[in-house]
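Just so it is clear, the values below take in all heavy atoms, side chains as well, and ignore hydrogens, waters and symmetry mates. Both ligands and their constituent atoms are indexed starting at 1 by order of listing.
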Amino acid sequence: MFIDTHCHISNKYYNNIEDIINECLSNKVNQMILSCCEKDDIDESLQLIDKYNCLYATFGFHPDQIDKITTNDLKKLEQLLKQNKKIIGVGEIGLDYHYPTDKEKQKKLFEEQLIIAQRLNMPVVIHSRDATQDTIEILKKYKVKGVIHCFSGSLETAQIYIKMGFKLGIGGVVTFKNSNLATVISKIPMENIVLETDSPYLTPSPFRGSTNSPKYIPIIAEKISSIKNLPIAEVAKLTTKNCYELFDLK
Ligand SMILES: [Zn+2]
């Protein structure tokens, strides 16, 4: 069986969530971890994880939410993280410097949530775009473990994160022709890899251009299986084990 460790499932993106879930289950993607990272998605995500056994979630505020989040929202987040057994991590949180932004405000929101994760001893899911140096510097200040979501950096960056105890979330990018990720993956141990789709974004090839779904996890696993020269069943087993250990799932 496979787990999609990072996807966004919402009526905003899918007409029929029930169908999406059933398609996942028939493709052996038996569990999915939703990333609820916008204030407006909280209620829907809570309903979904309550309704479907196979769904878990991480909750946290994405860096693009900096102008919406108040101290009260952070308090509410911490309450949810404490109370709801199906919320298993903090994220996605981090830094995104791709578009012009207030970097200091992003760092503040990121650190406030790292403090919560540290206090609750929960894993974090990190979003880092065009901000590798600052992400590493900030993470070094806290005692947290977690996933670098949608990792697509250099081997050197991969090794830094691994040394810090992070796993790398590998998704559809590995199937893209122009990606260097396959070379990086060939040089890092399986124990540092978890699978993710980041649905509805980053659809793997050959379906690039259409809406992504967690049902495509086996395509990503297949690619890793060929890079690592391992049977796909082994990729499924190892990445599931990594995910279970990190998020303390049973
Ligand atoms: Zn995401």
Original post:
Testing Val125, Leu120, Leu81 for side chain to side chain contact (heavy atoms under 4.5 Å, CB included) with Val90, which one passes?
Top reply: Leu81

**OP:** Indicate yes or no: does Glu38 engage Lys12 in a salt bridge with an N to O separation below 4.0 Å.
**Re:** yes

Subject >> Residues Glu104, Lys107: salt bridge by 4.0 Å N-O rule >> reply: yes

Original post:
By salt bridge (charged side-chain N to carboxylate O under 4.0 Å, His left out), which residues pair with Lys108, not counting sequence neighbours?
Top reply: Glu112

List the atom pairs, donor and acceptor, that lie under 3.5 Å between side-chain atoms in residues 184-196 and the rest of the protein, sequence neighbours left out.
unit_1	atom_1	unit_2	atom_2	d
Ser186	OG	Thr183	O	2.6
Glu196	OE1	His149	ND1	3.3
Glu196	OE1	Cys150	N	3.3
Glu196	OE2	His149	ND1	2.8
Glu196	OE2	Cys150	N	2.9

Original post:
Is any protein N, O or S atom closer than 2.8 Å to the Zn ion (ligand 1), and if so, which?
Top reply: His6 NE2, His8 NE2, Glu92 OE2, Asp198 OD1

Could you go through residues 93-101 and list every donor-acceptor pair under 3.5 Å that involves a side-chain atom there, pairing it with any protein atom two or more places apart or in another chain?
unit_1	atom_1	unit_2	atom_2	d
Asp96	OD1	His98	N	3.0
Asp96	OD2	His127	NE2	2.8
Tyr97	OH	Asp134	OD2	2.7
His98	ND1	Asp130	OD2	2.8
His98	NE2	Arg129	NH2	3.4
Thr101	OG1	Gln106	NE2	2.8

